[in-house]
Asks: 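My questions all concern the structure below.
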Amino acid sequence: MSRSVLITGGGRGIGLATARAFADDGEKVAITHRSGSAPPGVLGIHADVTVDGDLERAVEKAEAEHGPIEVLVANAGITADTLLPAMPPERFEEVLATNLTGAYRTVRAAIRGMLLARTGRVVLLSSALAFLGAPGQTNYAASKAGLAGLARSLAWEVGGRGITVNVVAPGIIDTDMTKPLPGPRMADLMRMTPLGRTGTAEEVAAAIRFLASPAASYITGAVLPVGGGLGMGL
Ligand code: NDP
């Protein structure tokens, strides 16, 4: 297929693997990034999901190059772990602003075109830890659990226009985000993961690609775990 795809935070990690997977399929891919650059064959657009107007400009640029956005992946995210009693409000709000409000800004910038086209695929990146909870992650888990509510409400709003909205909830994936996890914490998490290993960014990209594919045409409002069984049943 040759659809216009936009991925936030596509310069590294899961976003980069997703950009590569879509590009390998022949899709026209644009990514937003703050640091680094886009891989060959992918349009790179500087944008910060917490900055007013950045996403609107990114969508405009991607659409000028590739046509109306048909697949949107709200992937940009951060952690800033701290136990709640020691967490100042700005640390809580920074994570909410990036992970939850950032996804809202991303979707808002791109959804009008999809509504007009009466078709589209939206995928939001949540986390298994949103539903399991984790010490030090009240900010992160709140933001990622919020995405499920956002997606499900949006699925109702846009379903009649042929647009699907789904959530991918990765477990522990081998990217920059999980590198700082202390060894004992990682060992605990692997004991909670039936497959007993971390996932790769490519394994998450494969799930995103599936949700954006014709094979997923009757799936909306779903939360798809991609975590080797971490948190299964939640
Ligand atoms: P990385 O830390 O490797 O990458 C994070 C990406 O988000 C980077 O591209 C970064 O851009 C971008 N980003 C962060 N803040 C902003 C911002 N304000 N504006 C624009 N872009 C921003 O993480 P992962 O690839 O692992 O994570 C991708 C998504 O998957 C995140 O939403 C994360 O929460 C989620 N996830 C990851 C898991 C894991 O185990 N790795 C598990 C569950 C969910 P830049 O390079 O410019 O900083």
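In each ligand, atom 1 is the first atom listed, and ligand 1 is the first ligand listed.
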Asks: For Glu56 and Lys61, run salt bridge (Lys or Arg N to Asp or Glu O under 4.0 Å): C-alpha distance rounded to whole Å, both residues' side-chain angles, the deciding distance at 0.1 Å, then the answer.
Replies: CA-CA 9 Å; Glu56 283 75 9; Lys61 209 163 170 187; over 6 Å; no
Asks: Among protein heavy atoms, which sits nearest to atom 9 (O) of ligand 1, and what does the distance come to when rounded to 0.1 Å?
Replies: Gly9 O, 3.0 Å
Asks: Out of Val73, Thr178, Asp48, Thr106, whose heavy atom is nearest to atom 18 (N) of ligand 1?
Replies: Asp48
Asks: Taking only heavy atoms of Ala47, which atoms of ligand 1 are found under 4.0 Å from at least one of them?
Replies: 20 (C)
Asks: For atom 36 (N) of ligand 1, grab the closest protein heavy atom and report residue, atom and distance to one decimal in Å.
Replies: Tyr140 OH, 3.6 Å
Asks: Which residue supplies the protein heavy atom nearest to atom 45 (P) of ligand 1, what is that atom called, and how far is it?
Replies: Ser35 OG, 3.4 Å
Asks: Identify, for atom 10 (C) of ligand 1, the protein heavy atom at the shortest distance, and state residue, atom and that distance.
Replies: Arg12 NH2, 3.7 Å
Asks: Check this for me - ligand 1, Pro170, N or O atoms closer than 3.5 angstrom, yes or no?
Replies: no
Asks: Pick whichever of Ile14, Asp54, Ile172, Thr98 has a heavy atom sitting closest to atom 27 (O) of ligand 1.
Replies: Ile14
Asks: N/O to N/O below 3.5 Å, does that happen between Thr32 and ligand 1?
Replies: no
Asks: Mark up the atoms of ligand 1 that fall under 4.0 Å of a heavy atom belonging to Lys144, in ascending order.
Replies: 31 (C), 32 (O), 33 (C), 34 (O)
Asks: State the CG-NZ distance between Leu96 and Lys144, to the nearest 0.5 angstrom.
Replies: 11.0 Å
Asks: May I ask you to list the atoms of ligand 1 that are less than 4.0 angstrom from any heavy atom of Ile78?
Replies: 14 (C), 15 (N)
Asks: Looking at non-hydrogen atoms alone, which of Asp176, Asn75, Leu189 comes nearest to atom 32 (O) of ligand 1?
Replies: Asn75
Asks: Regarding atom 44 (C) of ligand 1: of the candidates Ala169, Gly77, Ser126, which has the closest heavy atom?
Replies: Ser126
Asks: Just to be sure I'm reading this right: ignoring hydrogens, which of Arg34, Glu94, His33, Lys179 gets closest to atom 11 (O) of ligand 1? Compare them by their nearest heavy atoms.
Replies: Arg34
Asks: Is there a nitrogen or oxygen of Ile173 sitting under 3.5 Å from a nitrogen or oxygen of ligand 1?
Replies: yes
Asks: Compare Ser127, Gly171, Ala130 and give the one whose heavy atom is closest to atom 42 (C) of ligand 1.
Replies: Gly171
Asks: Go through ligand 1 atom by atom and flag the ones less than 4.0 Å from a non-hydrogen atom of Gly13.
Replies: 3 (O), 25 (O)
Asks: Test Glu27 against every option in Arg121, Arg209, Arg3 by the salt bridge (charged side-chain N to carboxylate O under 4.0 Å, His left out) rule and name the one that passes.
Replies: Arg3
